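Remember, predicted model here, so these are calculated numbers, not experimental data.
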Amino acid sequence: MSFRAIRVTKDDQGHRVETVTLEESELHEGDVTVAVDYSTVNYKDGLALADKGIVRTYPLVPGIDFAGTVESSTHASFAPGDKVVLNGYGVGERHDGGFAQKARVSGDWLVPLPEGLTTRQAAAIGTAGYTAMLSVLALEDAGLTPASGDVLVTGAAGGVGSVAVALLARLGYRVLASTGRPAEAGYLRELGAAEIIDRAELSEPGRPLGKERWAGAVDSVGSHTLVNVLAGTRYGGTVTSCGLAQGLDLPGTVMPFILRGVTLAGIDSVQAPMERRIRAYDRLARDLDLASLERMTTVVGLDEVPSVAERILAGQVRGRTVVDVNA
Ligand SMILES: NC(=O)c1ccc[n+]([C@@H]2O[C@H](COP(=O)([O-])OP(=O)(O)OC[C@H]3O[C@@H](n4cnc5c(N)ncnc54)[C@H](OP(=O)(O)O)[C@@H]3O)[C@@H](O)[C@H]2O)c1
């Protein structure tokens, strides 16, 4: 049975993003075929559709994540009817991804949908939200508790940021939300932010060490912002780094590390081991307020993906965008 998909092609005529009709046999090989319910638009999908070095093979169905129902499987762990979620593993980069009504992937990459979440909610969480949870787990593993002090979230109105604010607030932390969109202050307070910080305070070159303002931070912005976040972290605090929305450089000094014992924890969602993924999803099912998740979610159809992808790179998308591939 044929199905709809977005496909990126690069050939003599250049780089193109098209909506096409495909047969299952045209997808990359895998031992599980999934009827996709929802995919999502992440920052990396924006980069993939804009030909910014993410796509490794052409033609390719982009989309780095999806949630859906197993249609057929020769993998020992999955059977038809199982609800599953996929994030990363090179899907949407070098293996056909989620912007399609069908996906064929390795069962080793699939996470069973945790109890208590629908496929729509799992997609609303998406790679951005799962990465926010990996960041929170890293802070907890470093010993951070609500009693340690305030926690800062940068890029707060974006996907990783919105889920991080909601999670940390629900866990009892006092959350400082840094945003370049003052109009989203009300939205961020609804998600649980106690204080809003203008991102301009953090985005310019600063001093090697500043006033100790937060005990921990979740950063998805990089560059000067991350350097200033480190410089404002309290003695013994931990900062997680997962993103590069401002830039991939790190133009700072070692002072926060050697004078304040600050830890910089790297977060990778793409190759994270399966046991950490399952831990993250279990915690998301338990600790993420579903009303907050709904508040940060916008649903679009496949045809709207290219325009959302452009807007996410411009920093204009709020929260999470779910793609209803069957709309
Ligand atoms: N390591 C991993 O495995 C992993 C996984 C997921 C995401 N990521 C990365 O994390 C980042 C965020 O992803 P996302 O899906 O949450 O994207 P997003 O929804 O676009 O959020 C990024 C946010 O960063 C802020 N921002 C944008 N441009 C900025 C600039 N020039 N200076 C300062 N802040 C800026 C904006 O927040 P405000 O408007 O609130 O300021 C924006 O909403 C991306 O770089 C993505 O590639 C990495």
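Proximity of Arg104 to Val32: side-chain heavy atoms (C-beta onward) are nowhere separated by under 4.5 Å.
Of the charged side-chain nitrogens involved, at least one lies within less than 4.0 Å of a carboxylate oxygen, so that Arg279 and Asp141 count as a salt-bridged pair. Note on Arg260 versus Glu212: salt bridge recorded, some NZ/NE/NH1/NH2 to OD/OE distance being below 4.0 Å. Taking the charged nitrogens against the carboxylate oxygens, Glu201 and Arg213 do have a contact shorter than 4.0 Å, which makes a salt bridge. Salt-bridge check for Lys83 with Glu115: failed, with every basic side-chain N at 4.0 Å or more from each acidic carboxylate O. Between Asp303 and Arg4 there is a salt bridge, with a side-chain nitrogen of the basic residue lying less than 4.0 Å from a carboxylate oxygen of the acidic one. Contact check on Glu26 versus Lys102 returns no salt bridge, with no Lys/Arg side-chain nitrogen under 4.0 Å from an Asp/Glu carboxylate oxygen. In this structure, Arg174 pairs ionically with Asp150, as a charged nitrogen and a carboxylate oxygen lie closer than 4.0 Å.
Residue pairs meeting the ring-ring contact (aromatic ring centres under 6.0 Å, His included) criterion with at least one partner in residues 163-206, sequence neighbours excluded, are absent. For residues 199-223, the set of pairs meeting the ring-ring contact (aromatic ring centres under 6.0 Å, His included) definition, not counting sequence neighbours, is empty.
The nearest pair of heavy atoms linking Leu250 to Ser223 is CD1-O, 4.4 Å. Minimum interatomic distance between Asp324 and Asp37 (heavy atoms only, all atoms of both residues): OD1-O, 3.8 Å. Smallest separation of non-hydrogen atoms from Gly46 and Ile312: CA-CG2, 4.0 Å. Pairing each heavy atom of Gly92 with each of Ala48, the nearest pair is O-CB, 4.5 Å. Residue Pro80 comes nearest to Ser72 through the heavy atom pair CG-CA, 4.3 Å, listed as atom of the first residue, atom of the second, then distance. In terms of heavy atoms, Val17 sits closest to Pro306 at CG1-CG, 4.3 Å.
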Checklist entry - Checking side chain to side chain contact (heavy atoms under 4.5 Å, CB included) for the pair Arg199/Ser178: CA distance, chi angles, key distance, verdict? => result CA-CA 5 Å; Arg199 84 178 187 204; Ser178 158; 3.5 Å; yes
Item to check | Check against side chain to side chain donor-acceptor pair (under 3.5 Å), Asp65 and Thr40 | outcome: CA-CA 7 Å; Asp65 54 18; Thr40 96; 3.1 Å; yes
Next on the checklist: The test is salt bridge (charged side-chain N to carboxylate O under 4.0 Å, His left out); show your working for Asp45 and Arg320 and say whether it passes.
Outcome noted: CA-CA 13 Å; Asp45 297 311; Arg320 298 278 305 129; over 6 Å; no
Checklist entry - For Thr9 and His15, what are the C-alpha separation, side-chain angles and deciding distance, and is it a side chain to side chain contact (heavy atoms under 4.5 Å, CB included)? => result CA-CA 6 Å; Thr9 310; His15 179 264; over 6 Å; no
Item to check | Pair Glu24-Thr33, side chain to side chain donor-acceptor pair (under 3.5 Å): steps then yes or no | outcome: CA-CA 9 Å; Glu24 189 179 322; Thr33 301; 2.9 Å; yes
Checklist entry - Step by step, would you call Asp31 with Thr74 a side chain to side chain donor-acceptor pair (under 3.5 Å)? => result CA-CA 5 Å; Asp31 51 10; Thr74 55; 4.9 Å; no
Item to check | Residue pair Glu184, Arg318: steps toward the salt bridge (charged side-chain N to carboxylate O under 4.0 Å, His left out) verdict | outcome: CA-CA 8 Å; Glu184 301 299 355; Arg318 180 177 95 174; 3.0 Å; yes
Item to check | Residue pair Leu167, Leu284: steps toward the side chain to side chain contact (heavy atoms under 4.5 Å, CB included) verdict | outcome: CA-CA 8 Å; Leu167 273 173; Leu284 282 159; 4.1 Å; yes
Checklist entry - Can Val111 and Val84 be said to form a side chain to side chain contact (heavy atoms under 4.5 Å, CB included), step by step? => result CA-CA 6 Å; Val111 172; Val84 291; over 6 Å; no
Item to check | Candidate pair Asp51 and Lys10, rule salt bridge (charged side-chain N to carboxylate O under 4.0 Å, His left out), full reasoning | outcome: CA-CA 9 Å; Asp51 193 19; Lys10 199 173 197 175; 3.0 Å; yes
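Applying the 6.0 Å contact sphere to CD of Glu29 captures no more than 12 heavy atoms from other residues, nucleotides or ligands. Within 6.0 Å of CZ in Arg207 there are 12 or fewer heavy atoms belonging to other residues, nucleotides or ligands.
With values rounded to the nearest 0.5 angstrom, Leu202 atom CG is found 10.5 Å from Leu226 atom CG. Atom CG of residue Asn228 and atom CG of residue Leu209 lie 11.0 Å apart, to the nearest 0.5 angstrom. Residue Ser39 holds its OG atom at 12.0 Å from CD of Gln101, rounded to the nearest 0.5 Å. Taking CD from Glu93 and CD1 from Ile54, the interatomic distance works out to 5.5 Å, rounded to the nearest 0.5 Å. One finds the CZ atom of Phe257 at 12.0 Å from the CE atom of Met255 (value rounded to the nearest 0.5 Å). With rounding to the nearest 0.5 angstrom, the CG atom of Leu139 is 6.5 Å from the OG1 atom of Thr238.
Val239 and Val218 are assigned to two separate hydrophobic clusters, defined by single-linkage of ILVMFWY side chains at heavy-atom distances under 4.5 Å. Criterion: ILVMFWY side-chain heavy atoms under 4.5 Å apart, direct or through other members. Under it, Met274 and Val91 are part of a common hydrophobic cluster. Residues Ile6 and Val299 are members of separate hydrophobic clusters, defined by side-chain heavy-atom contacts under 4.5 angstrom among Ile, Leu, Val, Met, Phe, Trp and Tyr. Criterion: ILVMFWY side-chain heavy atoms under 4.5 Å apart, direct or through other members. Under it, Leu191 and Met133 are part of a common hydrophobic cluster. Side-chain heavy atoms closer than 4.5 Å link hydrophobic residues (I, L, V, M, F, W, Y) into clusters, and following such links, even through other members, never connects Leu244 to Leu152.
Listed for the Thr225 side chain is no donor-acceptor partner under 3.5 Å among the backbone atoms of Val221. A side-chain donor-acceptor contact under 3.5 Å links Arg234 to the backbone of Ser148. No side-chain donor-acceptor contact under 3.5 Å links Glu294 to the backbone of Ala291. Looking at Glu310, its side chain never comes within 3.5 Å of a backbone N or O of Ser307 through a donor-acceptor pair. Between the side chain of Ser162 and the backbone N or O of Gly159, no donor-acceptor pair lies under 3.5 Å. With hydrogens and angles disregarded, no donor-acceptor distance shorter than 3.5 Å links the side chain of Glu195 to the backbone of Val175.
For Phe66 and Tyr38, the gap between ring centers reaches or exceeds 6.0 Å.
With sequence neighbours left out, the ring pair (Phe, Tyr, Trp, His ring centres under 6.0 Å) criterion links His75 to Phe78.
His28 and His95 have tilted rings, their planes meeting at an angle from 30° to 60° on a 0 to 90° scale. Ring planes of Tyr281 and Tyr130: parallel class, angle under 30° (limits at 30 and 60°).
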